[in-house]
Enquirer: 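Below you'll find the structure I mean.
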2 protein chains.
Amino acid sequence: MAARSYGQYCGVTTAVELIGERWALLIVRDLLVGPRRYTDLRRGLPRIPTNILSTRLKELQEGGVVRRVPLSNCGLVYELTPYGRSIEPIMLALGRWGFQAMGDPEPGDVITADSLTMALHTAFRADRAVDAEYELHVGDVALRASVREGELRVAQIAPPAPPVGGSLPDAEPDAVIVAGPGIRRLIGGEVTPAEALAADIVAVVRGEASLLDSFAATFHIAASGVPSPEHE
Amino acid sequence: MAARSYGQYCGVTTAVELIGERWALLIVRDLLVGPRRYTDLRRGLPRIPTNILSTRLKELQEGGVVRRVPLSNCGLVYELTPYGRSIEPIMLALGRWGFQAMGDPEPGDVITADSLTMALHTAFRADRAVDAEYELHVGDVALRASVREGELRVAQIAPPAPPVGGSLPDAEPDAVIVAGPGIRRLIGGEVTPAEALAADIVAVVRGEASLLDSFAATFHIAASGVPSPEHE
DNA sequence: CCGGATCCGAATCGATACTG
DNA sequence: CAGTATCGATTCGGATCCGG
């Protein structure tokens, strides 16, 4: 029996041995957004030590969760295997579960492009979705979220986008929404869109302010049971 | 920012900080089966150090996942809060995901009553369920699984059950199934019930052997994508 | 710059012993 | 029964270094 094995013959235990080590699930979260290079993963996980990142990538490969793919031109990327990708619904559900217990950010907490992308998918309600194109800015992260026919697609926008003529791939968004971490309160339904605007939690800097209602309907995480009554 | 925080403001990260520490999710798994005393948890997690168990229980309480309840007569139990219980569908899905990657047991691996109970729930297919009463023995564990109207109830049977007249709560089961860890191959569909009987993977020691077909239809985990092509 | 490997102090984990 | 105390073994975190 491996040294750090839990010593149980059980599906949950096997899962935890595959993706339960420290940082492993966050690596998988970022890879669910798309294939990433070693350096991309480092940027998306600012506090991960580099030796831990390479150790985890090796372990995830041995577990059949992640695959290493050389790029045709140069370099290489890590990507999920089909088996690794099949964890997506679990990741989304886990994100919703954790969302209920999120308080306000601790000093030093960051919001990364991949985590916000995943959070949008987590909060996406296909049944209530209103078709629209949003540009969303939270902290340093800028995303383009396209809601079309009940489907969500999220693309990351490079922050210092130099406006070189002709290379802009997207049409103008219907609304440009600028927010901070307090956007959690809007998605969680703690505040209405009107209250969020009034309290400066979010701002609609382009497009009609009413599109914030569509946004709040499309991206919503209901407090299912009890979020977490007593906290430390 | 807490010392061992991941430093990200994200639902998945929050979830991992709540239930991602070593052993934590296995404690939650056992508590999903029912409230448990400290000693019960120790028995269900034979390799957990006792200081880790008490540390995790404290952390899970601070996170609002677990609650400590004094018993009316004597002693106390740990139980999940409503928020903690709301992780059940995720746990079941994770058990199915991990099941795909289970190989054969390592030497020293055990099967516990709570993990097998959870595994039955994990593998239960309400849509294909056939009503029946099973008594299932795997290793030292004995379970009573009742399938009624598409619902599953599992009770644990004390192994040395002294046959004191009148105190038996259940009627006779339709079938008594005795198996080893190889029962995974039956649930995973790697072998048919007939093959499992022929290979001595399982035995029906009471009741009609054809009930093993019902069992295999009721408890099944299909290989969704690729289980895990390459393994270490 | 990319993709790591190496080194080392700090924190955590695991095993055992002990206690109210 | 329900933990706490102790201590060596591991792992983690932070920093630096290195080959392409």
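All chains are named by letter (A, B, ...) in the order of the sequence lines, taking the proteins before the strands, and each is independently numbered beginning at 1. All values reported here derive from a predicted model rather than from experimental measurement.
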Enquirer: Look only at the side chain of T81(B) and the backbone of G64(B), and say whether a donor-acceptor pair between them is shorter than 3.5 Å.
Expert: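 Answer holds: yes.
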Enquirer: If you look at every heavy atom in R148(B) and E133(B), which pair is closest and at what distance?
Expert: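 Taking every non-hydrogen atom into account, NH2-CG, 3.2 Å.
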Enquirer: Write down the atom of A101(B), the atom of L18(A), and the distance for their closest heavy-atom approach.
Expert: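 Scanning both residues completely, I find the closest heavy atoms to be CB-CD1, 3.6 Å.
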Enquirer: Can you tell if the side chain of R4(A) reaches within under 4.5 Å of the side chain of E17(A), non-hydrogen atoms only?
Expert: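 No - every pair of side-chain heavy atoms lies 4.5 Å or more apart.
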Enquirer: Does the ring of Y38(A) carry R68(A) above it, NZ/CZ under 6.0 angstrom from centre and within 45° of its axis?
Expert: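 No, R68(A) and Y38(A) do not form such a contact.
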Enquirer: Report yes if at least one side-chain N or O of Y78(A) is closer than 4.0 Å to OP1 or OP2 of dC2(C); otherwise report no.
Expert: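 Y78(A) to dC2(C) OP1/OP2: no side-chain N or O under 4.0 Å.
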Enquirer: Search all heavy atoms of L80(A) against all heavy atoms of V66(A) and return the closest pair with its distance.
Expert: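 So the two residues come closest at CD2-CG2, 3.9 Å.
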Enquirer: Can you give one letter per nucleotide of nucleotides 10-20 of chain D, going 5' to 3': B for a protein heavy atom under 4.0 Å from the base, S for sugar-phosphate only, - for none?
Expert: -SSBBB-----
Enquirer: Within residues 26-41 of chain B, find the residues that approach DNA chain D with a heavy atom at under 4.0 Å, and present them sorted by residue number.
Expert: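 Listed by number, they are R37(B), Y38(B), T39(B).
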Enquirer: Using the rule given for side chain to side chain contact (heavy atoms under 4.5 Å, CB included), can you reason through Q8(A) versus L45(B), listing the C-alpha separation, both sets of side-chain angles and the distance that settles it, and then say yes or no?
Expert: CA-CA 8 Å; Q8(A) 301 196 189; L45(B) 276 358; 3.3 Å; yes
Enquirer: Think R67(B) forms a cation-pi with Y83(B), using NZ or CZ under 6.0 Å from the six-ring centre and within 45 degrees of its axis?
Expert: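 Negative - R67(B) is either too far from the ring of Y83(B) or too far off its axis.
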Enquirer: Could you state the CG-P distance from L53(A) to dC2(C), rounded to the nearest angstrom?
Expert: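 Rounded to whole Å, this separation is 13 Å.
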Enquirer: To the nearest Å, give me how far apart CD (E17(B)) and P (dT12(C)) are.
Expert: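 So the CD-P distance, E17(B) to dT12(C), works out to 13 Å.
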Enquirer: To the nearest 10°, let me know how far the axis at one end of the helix from dC1(C)-dG20(D) to dG20(C)-dC1(D) is tilted from the axis at the other, five pairs an end.
Expert: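 One end's axis against the other's: 30°.
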Enquirer: First locate atom CG of L71(B), then atom CZ of R37(B), and finally report the distance between them rounded to the nearest 0.5 Å.
Expert: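 Separation between the atoms: 6.5 Å.
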Enquirer: State the OG1-CG distance between T39(A) and L53(A), to the nearest 0.5 angstrom.
Expert: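 Between atom OG1 of T39(A) and atom CG of L53(A) there are 9.0 Å.
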Enquirer: Answer yes or no: does a side-chain N or O of K58(A) lie under 4.0 Å from OP1 or OP2 of dG3(C)?
Expert: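 K58(A) to dG3(C) OP1/OP2: no side-chain N or O under 4.0 Å.
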Enquirer: Please determine whether a side-chain nitrogen of the Lys or Arg among R56(B) and E59(B) lies less than 4.0 Å from a carboxylate oxygen of the Asp or Glu.
Expert: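 Yes.
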Enquirer: Check the distance between dA11(C)'s P and E59(B)'s CD and give it to me in whole angstrom.
Expert: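 Roughly 16 Å, once rounded to whole Å.
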